[in-house]
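I have placed the structure first, in the form of structure tokens, so that the comments after it can refer back to it.
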Amino acid sequence: MNIILLGAPGSGKGTLAKKITKDFGLVQISTGDLFRGEIAGGSELGLKLKSYMDKGQLVPDELTIKILSQRITKPDCKKGVIFDGFPRTVAQAEALKNIAKIDSAVLIDLPFEEIERRAVARRVCSKCGEIYSTLDYAGKNCAKCHGELFQRDDDKLETVRLRLEVYEKTTTPLIDFYSDRLFKVSSLGSPEDTYKPVKNFLLGLGGKK
Ligand code: ADP
Ligand code: ZN
């Protein structure tokens with residue numbers, strides 16, 4: 001089973017993906033994480049990716065598709081994949097047709113004001129990638145691995161607003177693109193509340209638990 005997660009940046013795709021991964025044995029592929037890994041490695045490619053991301057712009061399709069295609073050849077993907085943050089453009093969705101069969105697209109719905117509020121509160125563990133919010137977690141270190149928590153450069157308010165604009169213009173056409181296999185869920189509630197209907201939906205699709 002392969003699924004994609006659609007939703008604005010900061011709508012909770014990563015959090016939901018991690019829950020699905022745990023229950024259904026799928027592999028999460030986040031293009032944002034792939035890019036940040038490349039940046040952390042200090043490569044020339046990483047510098048190029050960072051220049052787009054820091055401005056809240058999308059990485060060009062050709063580059064994104066190339067990096068995604070390399071990741072998908074790894075053997076762990078045979079278990080099935082959750083695409084998190086990919087595709088983000090119609091061109092990427094067209095390219096994905098030749099890469100994997102998509103069983104379903106889960107659309108996470110959240111008002112933009114709430115996204116802004118959550119985004120500026122988001123912190124990420126520098127060691128294990130766990131996501132926290134200053135709205136409900138006061139610690140400076142990860143509760144799981146004690147890694148230091150940090151705020152992503154692109155989680156600043158101006159950048160968040162830019163990314164939402166890009167999402168509206170470039171990514172929302174994908175809602176039509178996948179209308180024949182779309183499952184919509186609101187993430188206004190807790191992560192658990194968001195996950196429950198998705199879990200039932202995926203079980204219905206024949207996902208193994
Ligand atoms: P979020 O989960 O908040 O949406 P991501 O980690 O998915 O953030 O993405 C961070 C940045 O990485 C994006 O703003 C964009 O610059 C770049 N990026 C990630 N995925 C893609 C993609 N599929 N196409 C183009 N750029 C991407
Ligand atoms: Zn951690």
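Whatever order the structure lists ligands and atoms in, that order sets their numbers, starting from 1.
When the options Asp84, Val198, Val106 are evaluated for a side-chain contact (heavy atoms from CB on, under 4.5 Å) with Ile20, the one that passes is Val198.
Side-chain atoms of Asn141 come within 3.5 Å of backbone atoms of His146 as a donor-acceptor pair (strictly under, hydrogens ignored). Using modelled atom types, no side-chain atom of Lys13 and backbone atom of Gly85 make a donor-acceptor pair closer than 3.5 Å. Looking at Ser187, its side chain does come within 3.5 Å of a backbone N or O of Ser11 through a donor-acceptor pair.
The nearest protein atom to atom 26 (N) of ligand 1, hydrogens excluded, is given as Val59 N, 3.0 Å; this is a heavy-atom distance. For atom 18 (N) of ligand 1, the closest heavy atom belonging to the protein is Phe35 CE1, 3.5 Å. The protein non-hydrogen atom at the shortest distance from atom 4 (O) of ligand 1 is Arg88 NH2, 2.8 Å.
Using a 4.0 Å cut-off to heavy atoms of Lys13, the atoms of ligand 1 that qualify are 4 (O). Residue Thr31 has at least one heavy-atom neighbour below 4.0 Å for each of these atoms of ligand 1: 19 (C), 20 (N), 21 (C), 22 (C), 23 (N). Close approach of ligand 1 to Gln57 (heavy-atom distance below 4.0 Å) involves ligand atoms 15 (C), 16 (O). Of all atoms in ligand 1, numbered sequentially from 1 with element shown, those under 4.0 Å from a heavy atom of Thr64 are 22 (C), 23 (N), 24 (N), 25 (C).
Residue contacts to the Zn ion (ligand 2): Cys125 brings an N, O or S atom closer than 2.8 Å.
Salt-bridge check for Glu192 with Lys19: passed, with a basic side-chain N closer than 4.0 Å to an acidic carboxylate O. Checked for salt-bridge contact, Glu94 and Lys97 meet the test: a charged N lies under 4.0 Å from a carboxylate O. Between Asp76 and Arg71 a salt bridge is recorded (basic side-chain N to carboxylate O distance below 4.0 Å). For the pair Lys169 and Glu165, the salt-bridge criterion is not met [side-chain N within less than 4.0 Å of a carboxylate O].
Ligand 1 has an N or O atom lying under 3.5 Å from an N or O atom of Arg152, backbone or side chain. When only interatomic distances are considered, the shortest N/O to N/O separation between Gln92 and ligand 1 falls below 3.5 Å. Residue Asp33 has no N or O atom closer than 3.5 Å to an N or O atom of ligand 1. Not a single N or O atom of Met53, backbone or side chain, sits closer than 3.5 Å to an N or O atom of ligand 1.
Contacts with ligand 1 closer than 4.0 Å are made by side-chain heavy atoms of Arg163 only, the backbone lying farther away. The backbone and the side chain of Leu58 each have at least one atom closer than 4.0 Å to an atom of ligand 1 (non-hydrogen atoms only). When non-hydrogen atoms are compared, ligand 1 lies under 4.0 Å from the side chain of Asp154 (C-beta onward) but not from its backbone. In Arg122, the part holding a heavy atom less than 4.0 Å from any atom of ligand 1 is the side chain.
When Ser11, Gly85, Ala17 are ranked by how near their heavy atoms come to atom 23 (N) of ligand 1, first place goes to Gly85.
Close to ligand 1: Gly10, with a non-hydrogen atom less than 4.0 angstrom away. Proximity of Arg36 to ligand 1 is established by a heavy-atom distance of less than 4.0 Å.
Side-chain contact of Thr64 with Asp61: a donor-acceptor pair under 3.5 Å is absent, judged by distance alone.
Counting only heavy atoms from C-beta outward, the side chains of Pro111 and Leu188 approach each other to under 4.5 Å.
Put simply, the angle at the Zn ion (ligand 2) from SG in Cys145 to SG in Cys142 is close to 110°, to the nearest 10°.
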Using the salt bridge (charged side-chain N to carboxylate O under 4.0 Å, His left out) rule, take Arg163 and Asp155 through it: C-alpha gap first, then chi angles, then the decisive distance, then the call.
CA-CA 10 Å; Arg163 284 157 69 209; Asp155 277 340; 3.5 Å; yes

Can Asp23 and Leu202 be said to form a side-chain contact (heavy atoms from CB on, under 4.5 Å), step by step?
CA-CA 10 Å; Asp23 274 354; Leu202 293 177; over 6 Å; no

